[in-house]
Amino acid sequence: MPEINKKIQKYLNKILNGLIQIHILHHAKQEPIYGSWMIEELKKHGYNVSPGTVYPLLHKMEAEKLLTKKIEFIEGKRRVYYETSKQGEILLRELKDKVQELFHEIL
Ligand SMILES: [Zn+2]
């Protein structure tokens with residue numbers, strides 16, 4: 001199989017970032033999530049993402065008020081939890097419909 005070139009890889013990553021954000025909204029709606037948990041979850045789905053990808057996305061989504069943040073201390077260790085906000089839920093609902101429609105068409 002021909003190797004994916006750097007330019008295409010960059011383009012792919014941009015699209016995948018969108019899919020990762022949908023995935024984050026989905027899980028953070030079910031229960032509070034944290035960065036390293038999300039990285040593991042994405043691994044299960046075949047995404048090999050680094051903290052350098054996931055943490056900035058979480059920060060951005062929190063800054064955009066799509067996620068709410070709460071900090072907890074577990075055995076003295078600080079952990080930042082994120083939950084999908086009301087705005088995030090509205091966005092997720094919209095995206096779900098779009099994803100479903102698209103998948104129906106292309107798959
Ligand atoms: Zn998942």
Side-chain angles (χ1 to χ4, degrees):
M1 210 164 73
E3 224 175 275
I4 195 161
N5 72 42
K6 271 211 176 103
K7 206 174 149 196
I8 299 295
Q9 183 65 53
K10 233 177 133 182
Y11 203 85
L12 175 65
N13 287 344
K14 254 190 193 168
I15 296 170
L16 291 181
N17 272 353
L19 297 181
I20 290 168
Q21 289 179 73
I22 299 172
H23 209 147
I24 289 171
L25 287 172
H26 168 72
H27 283 294
K29 191 186 162 216
Q30 316 290 320
E31 57 186 338
I33 60 154
Y34 51 93
S36 58
W37 183 88
M38 196 62 218
I39 292 167
E40 284 306 310
E41 171 64 19
L42 287 164
K43 261 189 201 150
K44 286 184 200 158
H45 287 275
Y47 288 73
N48 192 17
V49 289
S50 68
T53 299
V54 172
Y55 286 97
L57 283 178
L58 289 169
H59 296 160
K60 190 177 95 173
M61 291 169 77
E62 196 246 333
E64 301 284 353
K65 309 244 185 295
L66 299 169
L67 298 174
T68 56
K69 178 169 91 172
K70 67 174 184 218
I71 294 163
E72 278 180 27
F73 287 87
I74 294 142
E75 290 164 15
K77 271 181 91 180
R78 183 180 179 273
R79 183 170 276 168
V80 184
Y81 284 93
Y82 295 95
E83 275 179 283
T84 300
S85 69
K86 275 274 161 279
Q87 280 304 308
E89 278 188 40
I90 292 166
L91 179 67
L92 179 62
R93 210 180 310 137
E94 186 72 21
L95 288 166
K96 265 184 172 172
D97 288 345
K98 294 283 184 275
V99 166
Q100 190 173 35
E101 204 282 326
L102 178 65
F103 282 8
H104 182 74
E105 164 86 12
I106 67 173
L107 298 177

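In each ligand, atom 1 is the first atom listed, and ligand 1 is the first ligand listed. We number each residue from 1, following the sequence as shown.
In this structure, Thr84 contributes its side chain and Leu25 its backbone to a donor-acceptor pair below 3.5 Å.
Applying the salt bridge (Lys or Arg N to Asp or Glu O under 4.0 Å) definition to pairs two or more places apart or across chains, none involves residues 12-35. Sequence neighbours left out, not one pair with a member in residues 88-107 passes ring-ring contact (aromatic ring centres under 6.0 Å, His included).
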side-chain contact (heavy atoms from CB on, under 4.5 Å) between Gln9 and Asn13: does it pass, once the steps are laid out? CA-CA 6 Å; Gln9 183 65 53; Asn13 287 344; 3.1 Å; yes
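Few gaps surround CD on Gln30; more than 12 heavy atoms of other groups in view lie less than 6.0 Å from it.
Applying the salt bridge (charged side-chain N to carboxylate O under 4.0 Å, His left out) test to Glu89 and every residue at least two apart in sequence or in another chain returns Lys86.
Take the Zn ion (ligand 1) and draw a sphere of radius 2.8 Å; the protein N/O/S atoms inside it number 4.
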